[in-house]
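Just follow the structure's listing: the first ligand is 1, and inside any ligand the first atom is 1. Quantities reported herein were computed from a predicted structural model and do not represent experimental measurements.
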Amino acid sequence: MIQTINLQKKYTTDEVETTALNRVNLEINDGEFVAIMGPSGCGKSTLLNILGLLDNPTAGEFYFQGQNVAQYNERQRADLRKTSIGFVFQSFNLIEELTVYENIELPLIYQKLSSTEINYRVTTALERLQIAHRGQHFPQQLSGGQQQRVAIARSIVCSPQIILADEPTGNLDSATGQEVMNLLAELNESGTTIIMVTHSPTDAEYSRRIIRLFDGEVITENTKKPAYAKE
Ligand code: ADP
Ligand code: ADP
C-alpha cells in the first residue's frame, strides 16, 4: 500500500541545508500497525508528514496505493488525503468553538453526502468511541482522554484506510493513554492501517513493527507480535 524508494527530504533555511531524511526505503502493507521511533530531530515528523501527503519529498519515489505521488501538487495531495487518511495528533487539534458533534462532522462537510448519511456516520463514530453523550459539549468541557476520542472519531468518519498518529498519548496520563492505544488497536484489528510516531515504549508495544530512525535514516525494522495478541 505504501512504498518509498530512496526517499530524501532536505530543508534549506538561511542557506543552511539539513537532510531530514536520507535513503529511506520502506514498505508498509494494508492492515499493518507500525510504530516509528527514534531520538528528537531524527526525522520522524518529516516522515509522517510525507507519508500523510502533507509534504513532498525532495527526491526519491513514493507510492501510495499504487500511485506515484512523490511530485503531486498540494491540490492532488489534498484530494487523496481527505479520502484515504485520518490524522490523530498529540494536541488533539480540535476546534474549540465547535461542539464535539461538529468537530467530527467537519471532514464530511466537504464531501457530497446527504445530511442523513452525515448524521449516521457521525453518530456511529460517537458511539464507537463511547462519547455519544458528549456530542453537544465543547472540547474544553472534556478530559484529555475524551478529547482524544473525539479526535479519533473525527479521523474515522471518512472511513480512511490509514490512520497516522503523531504521539497520540503524549498529553495523556498513562491509564488514559492506554485506553487510547486500545482504541487504535481495535481499529487496526478491524482492518485500518496504523502508522504512529511515538517516544513511548509502552505505546510501541501495541504495534507489530517498529521502524527506528537515526539522523534521517532507518536503522532497524523489528517485526514482533503485538502485546495484546493471543497465544
Ligand atoms: P523529529 O520529528 O524526529 O523530532 P523532525 O522531522 O521534526 O524530527 O526534524 C528532522 C530534522 O529536520 C531536524 O534537524 C529539524 O531541525 C529539521 N527540520 C524539520 N522541519 C524543518 C523545517 N521546516 N525547516 C528546516 N529544518 C527542519
Ligand atoms: P479525567 O479524570 O478523565 O481527566 P476530569 O477529572 O477532567 O477527567 O473530569 C471528570 C469528568 O468531568 C469527565 O467526564 C469530564 O468530561 C467532565 N468534565 C470535566 N470538566 C468539565 C467541564 N468544564 N464541563 C463539563 N464536564 C466536565
Side-chain angles (χ1 to χ4, degrees), residues 1-28 32-64 69-78 80-81 84-94 144 147-148 151-152 155 160 162-172 174 177 180-181 184 188 193-224:
M1 129 180 300
I2 283 178
Q3 187 182 16
T4 71
I5 302 170
N6 285 325
L7 200 71
Q8 185 193 68
K9 180 70 180 180
K10 287 186 178 178
Y11 294 107
T12 308
T13 315
D14 299 332
E15 295 176 20
V16 177
E17 191 178 81
T18 308
T19 303
L21 293 176
N22 200 20
R23 295 190 292 263
V24 171
N25 295 292
L26 286 178
E27 256 186 70
I28 299 174
E32 279 204 76
F33 191 156
V34 176
I36 299 171
M37 301 188 80
S40 187
C42 70
K44 302 182 295 295
S45 300
T46 301
L47 180 58
L48 208 66
N49 285 345
I50 293 174
L51 296 182
L53 301 165
L54 293 165
D55 201 0
N56 272 344
T58 315
E61 291 164 60
F62 173 24
Y63 295 92
F64 187 92
V69 299
Q71 300 308 324
Y72 269 26
N73 61 33
E74 169 52 28
R75 175 71 195 273
Q76 292 170 304
R77 279 188 273 126
L80 195 51
R81 201 161 65 216
S84 311
I85 307 174
F87 292 91
V88 175
F89 303 94
Q90 173 172 4
S91 48
F92 321 133
N93 291 16
L94 300 174
Q147 290 187 55
Q148 195 59 300
I152 294 173
S155 80
I162 306 178
I163 290 181
L164 295 184
D166 196 351
E167 297 278 359
T169 69
N171 279 329
L172 304 175
S174 63
V180 163
M181 288 311 303
L184 291 176
N188 176 247
T193 306
I194 303 204
I195 305 175
M196 166 182 76
V197 162
T198 186
H199 278 106
S200 156
T202 315
D203 289 2
E205 281 292 312
Y206 288 81
S207 74
R208 274 176 263 194
R209 176 150 73 111
I210 300 177
I211 295 170
R212 288 182 199 278
L213 292 179
F214 190 78
D215 279 353
E217 301 197 19
V218 175
I219 51 167
T220 52
E221 291 189 55
N222 300 333
T223 303
K224 61 174 186 57

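- Here is the list of ligand 1 atoms found below 4.0 Å of a heavy atom in Ala20: 10 (C), 11 (C), 12 (O).
- Given atom 27 (C) of ligand 1, the protein heavy atom at minimum distance is Tyr11 CD1, 3.2 Å.
- Scanning the protein for heavy atoms near atom 7 (O) of ligand 1, the closest one is Ser45 CB, 3.8 Å.
- The shortest non-hydrogen separation linking Gly177 to Thr169 is O-CG2, 3.5 Å.
- Distances shorter than 4.0 angstrom occur between a heavy atom of Gly41 and an atom of ligand 1.
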Let me have the donor-acceptor pairs involving side chains of residues 193-201, under 3.5 Å, with sequence neighbours excluded, atom names and distances please.
residue : atom : partner : partner atom : Å
Thr193  : OG1  : Gly31   : N            : 2.9
Thr198  : OG1  : Ser200  : N            : 2.9
His199  : ND1  : Glu167  : OE2          : 2.5
Ser200  : OG   : Thr202  : N            : 3.2
Ser200  : OG   : Asp203  : N            : 2.9
Ser200  : OG   : Asp203  : OD1          : 3.4

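- Not counting sequence neighbours, Arg212 has no partner by the side chain to side chain donor-acceptor pair (under 3.5 Å) test.
- Residue Pro39 has at least one heavy-atom neighbour below 4.0 Å for each of these atoms of ligand 1: 3 (O).
- Contact detail for Asn22 and Gln8: the closest heavy-atom pair is OD1-NE2, 3.6 Å.
- Distances below 4.0 Å separate heavy atoms of Ser40 from the following atoms of ligand 1: 4 (O).
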- Task: List the steps and the verdict of side chain to side chain contact (heavy atoms under 4.5 Å, CB included) for Asn171 and Ser91.
- Result: CA-CA 7 Å; Asn171 279 329; Ser91 48; 4.1 Å; yes
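- Residue contact check: Lys44 has heavy atoms under 4.0 Å from atoms 1 (P), 2 (O), 3 (O), 4 (O), 6 (O), 8 (O) of ligand 1.
- For ligand 1, the atoms sitting less than 4.0 Å from at least one non-hydrogen atom of Thr13 are 24 (N), 25 (C), numbered in the order shown with element in parentheses.
- Closest to atom 9 (O) of ligand 1 among all protein heavy atoms lies Thr46 OG1, 3.9 Å.
- Atom 14 (O) of ligand 1 has Thr18 CG2, 3.6 Å as its closest protein atom, hydrogens excluded (heavy atom only).
- Using a 4.0 Å cut-off between charged side-chain N and carboxylate O, Arg23 and Glu217 make a salt bridge.
- For atom 8 (O) of ligand 1, the closest non-hydrogen atom on the protein side is Gly43 N, 3.1 Å.
- Annotation for Ser155 and Val88: closest pair OG-CG2, 3.8 Å, computed over non-hydrogen atoms.
- The nearest protein heavy atom to atom 16 (O) of ligand 1 is not closer than 4.0 Å.
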- Determine, stepwise, if the pair Ile5 / Tyr63 fulfils side chain to side chain contact (heavy atoms under 4.5 Å, CB included). CA-CA 9 Å; Ile5 302 170; Tyr63 295 92; 4.0 Å; yes
